[in-house]
Amino acid sequence: VPVPNIRNFSIIAHIDHGKSTLADKLLETTGTVQKREMKDQFLDNMDLERERGITIKLQAARMRYVCDGEPYCLNLIDTPGHVDFSYEVSRSLAACEGALLVVDASQGVEAQTLANVYLALENNLEIITVLNKIDLPGAEPDRVLQEIEEVIGLDCSNAILCSAKEGIGITDILNAVVKRIPPPTDTSQKPLRALIFDSYYDPYRGVIVYFRVIDGTVKKGDRIYFMASKKDYFVDEIGVLSPNQLEVDELYAGEVGYISASIRSVADARVGDTITHFSRKAESSLPGYEEATPMVFCGLFPVDADQFPELREALEKLQLNDAALKFEPETSSAMGFGFRCGFLGLLHMEIVQERLEREYNLSLITTAPSVVYRVNCTSGETFLLFVNNAHSQVLHSANPMISSNFSKVECSNPSALPEPGLRRSIEEPLVKIEMLTPKDYIGSLMELAQDRRGEFKEMKYIAENRASLTYKLPLAEMVGDFFDQLKSRSKGYASMEYTFVGYEESDLIKLDVHINGEPVEPLATIVHKDKAYPIGRALTQKLKELIPRQMFKVPIQACIGSKVIASEALSAIRKDVLAKCYGGDITRKKKLLKKQAEGKKRMKAIGKVDVPQEAFMAVLKLE
Ligand code: GDP
Ligand code: MG
């Protein structure tokens, strides 16, 4: 295909606004995927994605489309829709010249709409506004268009009204992609530079890399060089995504495709890296490569200690696919052998946990997520402290791949938090966050940030009705429900971004939880001194709700050292799950019982008390 007939575009949308449905419709309308091969939502490959209705990993598809008698090649590059993966979104947008902005006509502009639009604007993309779900009786296209113009400042005079579900407006969208999105520039003569926007591990062929050729050309047999990982490989196979892989001889500047080169781990070919030729290297890599930095950590322990080797194997396999996943073996007095794992964010953590349980049939205990603290001791030593496993130890591993996962560990021997007399200070990681919000919610979001120990930095108006708020804030205050709070306080209109700024000293203490008189190590947290009492109260109340009643009375206490600062008690009645089920709907009763049975599998016995998985997450989801 000649370069002037290529169009590379993405679809950006807030979750549930219809991105996947529209993508499917585009594939179907262009005959890329025959109707009978259509599984619902072709682009969402992973079962988990389909189930949760979210796109986690990017996928791409090439479509042929004839417009005014002229054949075009349209490359659709899908993007994940969650803030944990914003780096991946930004790389896939960097591989495009345009984007379809899909907004639900019955909802309007929401948080991710904005976050993604700003990423698209930063990448100088031509944006085509698509109002989806106009078939819904509650659709208000005029109001929503006005909102887009006001909030985002996009000209909506040529917005397209669409129903992805009913197939309305689909050809208008395809025509607009051809007419309004510029073709790539033809830079085939330059040294090769190709941007990786996705990669995954195939057990038979090694890593498959999805990329956009920005400059130059690449063909089978070429010796290629990854500029960030500094690895080189010979290309075994090269092709396009239609959307199934289809081998071709060569790909030119502007084209999108895949390469297979017997690459052993996705860490060698990470999203954002630049591919060039080994013998004719580009002078500089494409901008914007970022190392994956785990921001949230938790301990993963098999319920059944015998499953430890399986857990290790499963983590190693997942890591081949997911270079952002980090892990290191650890032991804990309460939990036995397990792994301390690092993730991009909470969603990333939940996904990994679920995949381990589902795809690898493991039954796991996950400790509450936390950040890494630095403890400076009077002896001059510095400990890194992973709070929720305060009594655990990282095992030194002979496997360099595993040890290098935590290259930032200055002292890889964290142990119990030293007694107050032995420590000089505790430092915690801080982030700079920027929140974008309609002006109505400024007050509420400032309150949120201040409540989370945020230090106000700056406020500026970016449009008549939109403000940007910048705060410096402890990361620990963000790994919990900050994002949910931001969304609910702003009715979904605010969006946020954050970057790590470094460690700072803070007045932190350890808060223990005792259940039935026994300390429950995974529930211990580090909190700011000023917050210990309210957190202690909220935590004990929450645990009282989450822990099922036992045959005996169970005290639940929050303690600082030996001092009890909050306490609740579970009375001794067995909880009847059917109590709330009036009437005789037997299927509903069965469902509830089944749910309870499933819930039981995820219980961890603490002494004589069964504590459900949710309790370990509850530490972070306090109001
Ligand atoms: P995504 O999260 O942006 O990928 O959204 P999906 O494509 O998964 O769609 C979310 C939900 O909206 C699904 O239940 C779709 O069936 C529904 N949906 C998508 N497009 C339309 C539409 O045009 N009209 C109606 N009524 N529902 C739609
Ligand atoms: Mg989707």
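No hydrogens, no waters, no symmetry mates; every other heavy atom, side chains included, goes into these values.
Residues Phe9 and Leu76 have side chains in contact (heavy-atom distance under 4.5 Å, counting atoms from C-beta outward). No side-chain heavy atom of Val102 sits under 4.5 Å from any side-chain heavy atom of Lys19. Counting heavy atoms from C-beta outward, Phe211 and Leu251 have side chains that approach closer than 4.5 Å. Side chains of Ile11 and Val130 form no contact here, defined as non-hydrogen atoms less than 4.5 Å apart. Annotation: side chain of Ile128 is not in contact with side chain of Ile173 (no heavy-atom distance under 4.5 Å). A heavy-atom distance below 4.5 Å is found between the side chains of Arg7 and Pro183. Residues Tyr65 and Asn175 are in side-chain contact: their nearest non-hydrogen atoms beyond the backbone lie under 4.5 Å apart. At a threshold of 4.5 Å between non-hydrogen side-chain atoms, the residues Leu154 and Glu149 do not count as touching.
Ion pairing of Lys432 with Glu434 is absent here, as no side-chain N (NZ or NE/NH1/NH2) approaches a carboxylate O to less than 4.0 Å. In summary, Arg280 and Asp222 do not engage in a salt bridge, as defined by a charged side-chain N under 4.0 Å from a carboxylate O.
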One pair to check against side chain to side chain contact (heavy atoms under 4.5 Å, CB included): Ile148 and Val144. What are the steps and the verdict?
CA-CA 6 Å; Ile148 297 171; Val144 173; 4.2 Å; yes
Using salt bridge (charged side-chain N to carboxylate O under 4.0 Å, His left out), reason through Asp68 and Lys179 one step at a time and then give a plain yes or no.
CA-CA 10 Å; Asp68 298 339; Lys179 301 228 162 86; 3.5 Å; yes
List the steps, then state whether side-chain hydrogen bond (donor to acceptor under 3.5 Å, both in side chains) holds for Asp104 with His14.
CA-CA 8 Å; Asp104 184 330; His14 190 79; over 6 Å; no
Kindly indicate, with the supporting measurements, whether the criterion side chain to side chain contact (heavy atoms under 4.5 Å, CB included) is fulfilled by Arg212 and Ile214.
CA-CA 6 Å; Arg212 148 87 192 262; Ile214 305 287; 3.5 Å; yes
With side chain to side chain contact (heavy atoms under 4.5 Å, CB included) as the criterion, how do Val218 and His277 come out once you've worked through the C-alpha distance, each side chain's angles and the decisive distance to 0.1 Å?
CA-CA 8 Å; Val218 58; His277 278 124; 4.3 Å; yes
For Asp186 and Tyr252, what are the C-alpha separation, side-chain angles and deciding distance, and is it a side-chain hydrogen bond (donor to acceptor under 3.5 Å, both in side chains)?
CA-CA 8 Å; Asp186 187 353; Tyr252 298 84; over 6 Å; no
Please report the C-alpha distance between Leu436 and Tyr118 in whole Å, then the side-chain angles of each, then the deciding distance to 0.1 Å, and finally whether the side chain to side chain contact (heavy atoms under 4.5 Å, CB included) criterion is met.
CA-CA 10 Å; Leu436 297 171; Tyr118 292 117; 3.4 Å; yes
Kindly indicate, with the supporting measurements, whether the criterion side-chain hydrogen bond (donor to acceptor under 3.5 Å, both in side chains) is fulfilled by Tyr471 and Gln450.
CA-CA 9 Å; Tyr471 276 84; Gln450 265 139 25; 3.3 Å; yes
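Atom CG in Asp322 sits 9.0 Å away from atom CD1 in Ile351 (nearest 0.5 Å). Here CG of Asn5 is found 10.0 Å from SG of Cys67. Values are rounded to the nearest 0.5 Å. With rounding to the nearest 0.5 angstrom, the CE atom of Met446 is 12.0 Å from the CG atom of Leu448. Residue Asp451 holds its CG atom at 7.5 Å from CD of Glu477, rounded to the nearest 0.5 Å. The OG1 atom of Thr30 sits 9.0 Å away from the CD atom of Glu28 when rounded to the nearest 0.5 Å. For the atom pair CG (Leu486) and CD1 (Ile433), the distance works out to 7.5 Å, reported to the nearest 0.5 Å.
Taking every heavy atom of both residues into account, Val207 and Ser265 meet most closely at CG2-C, 3.4 Å. Looking at every heavy atom in both residues, Gly18 comes nearest to Lys133 through N-CE, 4.5 Å. In terms of heavy atoms, Gly272 sits closest to Tyr289 at C-CD1, 3.3 Å. Nearest heavy-atom pair across Ser285 and Arg193 is O-NH1, 3.6 Å. Counting all heavy atoms, side chain and backbone alike, Ala159 lies closest to Leu145 at CB-CD2, 3.5 Å. Counting all heavy atoms, side chain and backbone alike, Pro4 lies closest to Tyr72 at O-CE2, 4.3 Å.
The backbone N or O of Ile208 lies less than 3.5 Å from no partner atom in the side chain of Ser199, so there is not a single donor-acceptor pair. In terms of modelled atom types and a separation under 3.5 Å, the side chain of Glu458 and the main chain of Thr470 share no donor-acceptor contact. In terms of modelled atom types and a separation under 3.5 Å, the side chain of Tyr461 and the main chain of Lys439 share no donor-acceptor contact. With Thr32 contributing its side chain and Ser242 its backbone, the two residues share no donor-acceptor pair below 3.5 Å. Distance alone, capped at 3.5 Å, places no donor-acceptor pair between the Glu250 side chain and the Lys219 backbone. No donor-acceptor distance shorter than 3.5 angstrom exists from the side chain of Asn8 to the backbone of Pro184, with no hydrogens or angles considered. Remark: the backbone N or O of Leu93 is not paired with any side-chain donor or acceptor of Ser10 at under 3.5 angstrom. For the pair Ser490 (side chain) and Tyr441 (backbone), a donor-acceptor distance under 3.5 Å is absent. Of the possible donor and acceptor atoms, one in the side chain of Asp273 sits under 3.5 Å from a partner among the backbone N and O of Ser229. Under the 3.5 Å distance criterion, the side-chain polar atoms of Arg205 are left unmatched by any main-chain donor or acceptor of Ser260.
In this model, no donor atom of one side chain and acceptor atom of the other lie less than 3.5 Å apart for Thr185 and Thr187.
Both cation-pi conditions hold for Lys281 and Phe278: the charged atom is under 6.0 angstrom from the six-membered ring centre and inside a 45 degree cone around its axis.
Looking at residues two or more places apart in sequence or on another chain, you find no salt bridge (Lys or Arg N to Asp or Glu O under 4.0 Å) involving Glu126. Remark: Arg270 pairs with no residue by the salt bridge (Lys or Arg N to Asp or Glu O under 4.0 Å) rule, at least two apart or across chains. Legend: residues meeting salt bridge (Lys or Arg N to Asp or Glu O under 4.0 Å) with Asp135, ordered by chain and number and at least two apart, are absent.
Centroid-to-centroid, the aromatic rings of Tyr258 and Tyr210 stay 6.0 Å apart or farther.
Heavy atoms from other residues, nucleotides or ligands lying under 6.0 Å from CD of Glu70 number more than 12.
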